[in-house]
Asks: 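The structure is given below, and queries will be raised subsequently.
Start at 1 and go down the list; that is how both ligands and their atoms are numbered.
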Amino acid sequence: MNDLAKKDLKYIWHPCSQMKDYEELNPIVIDHGEGVYLYDTDGKRYVDVISSWWCNLLGHCNPHISSEIKKQADKLEHVIFANFTHHQAIKLCERLSKILPEGLCKFNFTDNGSSAIEAAMKVSFQYHEQTGNPQKIKFMALTEAYHGETIGALSVGDCDLYTKLYKPILMDVIKIEGPDCYRCPYGKNRENCNCECAEKAVKAFKEHGNETAALLVEPLLQGSAGMKIYPPLYLKKLRELCDEYNVHLIADEIATGYGRTGKMFAFEHAGVSPDIMCLSKGLTGGYMPMAIFATTQKIYDAFYDDYGTGKAFMHSHTYSGNPLACSCANAVLDLMEDGKILKRAQENAIYFNNLINKKFASHPNVGEIRHIGLINAIELVKDKNTKEPFDSKLRTGYQIYKKALQEGVILRPLGDVIYFNPPLIIEREDMDFVTDIAFECLKEVLS
Ligand code: PLP
């Protein structure tokens with residue numbers, strides 16, 4: 001272990017980690033990044049095929065984004081965002097209002113995804129309180145959802161790994177059994193179903209619609225659940241239910257926004273708009289921690305009144321609207337606005353999926369290969385016919401992760417789901433490389 005790694009272990013408590021694991025797999029000290037590559041202090045190269053927790057969108061140290069943030073750093077690094085504003089935030093919101101699903105035109109800034117979720121929940125609750133529905137104090141979310149780690153965000157989440165232990169201190173949230181297309185209880189498949197599973201949502205709305213402020217949803221892709229993918233029709237059905245029961249539909253596009261699903265925003269696949277949309281990760285290209293919730297004029301108007309009425313949204317974060325982060329977000333839009341990067345990513349998505357199917361599909365432990373945009377996920381199972389998972393104690397995904405790291409590929413599976421979620425600018429030769437490495441590692445671990 002090198003000196004920096006030793007010092008790291010002396011001082012640092014890493015996120016989402018059992019620190020004891022680091023005894024065997026020492027922290028990898030990254031020195032610099034370029035495009036889809038990260039280089040450690042020994043010069044070893046890693047392909048960042050998970051976009052550093054799904055946030056790096058256009059490559060590490062992207063020349064345009066780096067140049068814009070440097071310029072901004074010499075001009076204005078931060079300013080209080082109450083009563084003050086700046087060019088970068090105004091420009092960003094004007095641009096977002098033109099590309100977001102119809103109706104989303106007012107923007108509130110936070111500094112991470114979980115905080116955006118919390119702010120969206122508070123705004124929804126307060127809206128109903130101020131529009132004659134004070135009984136709407138509950139939230140609905142889907143089973144296996146992930147919306148972040150703060151207490152409110154964790155409450156609307158449902159991944160046991162993160163949530164279970166904390167249940168005694170979480171809010172009481174109405175969980176709707178969400179779509180499970182690989183193990184569909186209706187015996188259907190993604191391509192030809194009528195989203196029969198939405199009947200669970202219908203039932204929940206009948207029982208709780210009147211007391212519910214908002215339903216939160218990760219559109220089309222439940223990322224942390226293991227990149228579970230479901231059809232757009234399901235979102236349309238949720239939209240109808242929300243309209244019927246005056247419940248806000250909150251789209252968590254923190255992971256799906258910015259082209260990850262093949263369109264700029266996942267909701268575009270469904271052709272409907274949410275009432276509130278949360279964005280982060282790709283928003284700044286993975287450069288700076290920033291999040292936004294976007295909402296409608298209707299919601300905004302319910303807060304607009306004389307100060308004495310107490311209707312203002314009294315929510316703030318010190319770094320709201322940080323100019324450096326906004327400059328990155330504008331630089332991302334500079335690069336994406338003409339649609340060329342997205343178009344190329346869509347073409348490459350077909351190539352990547354064909355490649356992965358060819359390589360993995362016939363392996364006896366590959367239960368399902370699912371894909372949307374450039375995201376491809378491979379669910380490993382003990383038994384392909386019964387879809388029985390591996391014993392989680394074996395940590396099969398983790399063994400594959402360790403092997404792939406040795407070979408210079410960062411996979412970091414979700415349980416036993418190996419997935420690829422690369423920056424949109426990945427080249428085909430890197431797709432070839434990571435597919436080969438992942439398959440060799442999988443074969444080795446499962447032999
Ligand atoms: N929502 C989704 C769908 C996410 O994937 C994440 C993070 O992975 C979050 C919310 C939380 O964002 P953050 O980690 O910035 O708090």
Asks: Show me which atoms of ligand 1 lie under 4.0 Å from any heavy atom of Gly113.
Replies: 12 (O), 13 (P), 15 (O), 16 (O)
Asks: Within the structure, does Ile117 bring an N/O atom to less than 3.5 angstrom of an N/O atom in ligand 1?
Replies: no
Asks: Do any heavy atoms of Trp53 fall under 4.0 Å from ligand 1?
Replies: no
Asks: Numbering the atoms of ligand 1 from 1, which are under 4.0 Å from a heavy atom of Trp54?
Replies: 5 (O)
Asks: Within 45 degrees of the ring normal and closer than 6.0 Å to the centroid, is that where the cationic atom of Arg45 sits relative to Tyr37?
Replies: yes
Asks: Among Tyr419, Phe360, Phe420, which residue meets the ring pair (Phe, Tyr, Trp, His ring centres under 6.0 Å) test with Phe352?
Replies: Phe420
Asks: Any protein heavy-atom neighbour for atom 14 (O) of ligand 1 (distance below 4.0 angstrom)?
Replies: no
Asks: Going by distance only, is there an N or O of Lys281 that falls short of 3.5 Å from an N or O of ligand 1?
Replies: yes
Asks: Got a salt bridge between Lys71 and Glu68, using NZ or NE/NH1/NH2 to carboxylate O under 4.0 Å?
Replies: yes
Asks: What protein heavy atom sits nearest atom 16 (O) of ligand 1, and how far away is it?
Replies: Ser114 OG, 2.5 Å
Asks: Aromatic contact between His317 and Phe81, with the criterion being ring centroids under 6.0 Å apart: yes or no?
Replies: no
Asks: Check ligand 1 against Gly148 and write out every atom of the ligand that is under 4.0 Å from a heavy-atom position of the residue.
Replies: 10 (C), 11 (C)
Asks: Can you check whether Asp252 has an N/O within less than 3.5 Å of an N/O in ligand 1?
Replies: yes
Asks: Which heavy atom of the protein is the closest neighbour of atom 6 (C) of ligand 1, given with residue, atom name and distance?
Replies: Tyr146 CE2, 3.5 Å
Asks: Between the side chains of Asn376 and Arg370, is a donor N or O closer than 3.5 angstrom to an acceptor N or O?
Replies: no
Asks: Please work out, at 4.0 Å between heavy atoms, whether the side chain, the backbone, both, or neither of Glu218 comes within that distance of ligand 1.
Replies: side chain
Asks: Give the single entry among His147, Glu118, Glu149 that approaches atom 10 (C) of ligand 1 most closely by any heavy atom.
Replies: His147
Asks: State whether Asp334 and Arg95 are salt-bridged, where the test is any N-O pair (Lys NZ or Arg NE/NH1/NH2 against Asp/Glu carboxylate O) under 4.0 Å.
Replies: yes
Asks: Please determine, by modelled atom types, if Ser114 and His147 share a side-chain donor-acceptor pair under 3.5 angstrom.
Replies: no
Asks: Cut-off 3.5 Å, side chains only: do Thr163 and Tyr146 have a donor facing an acceptor?
Replies: no
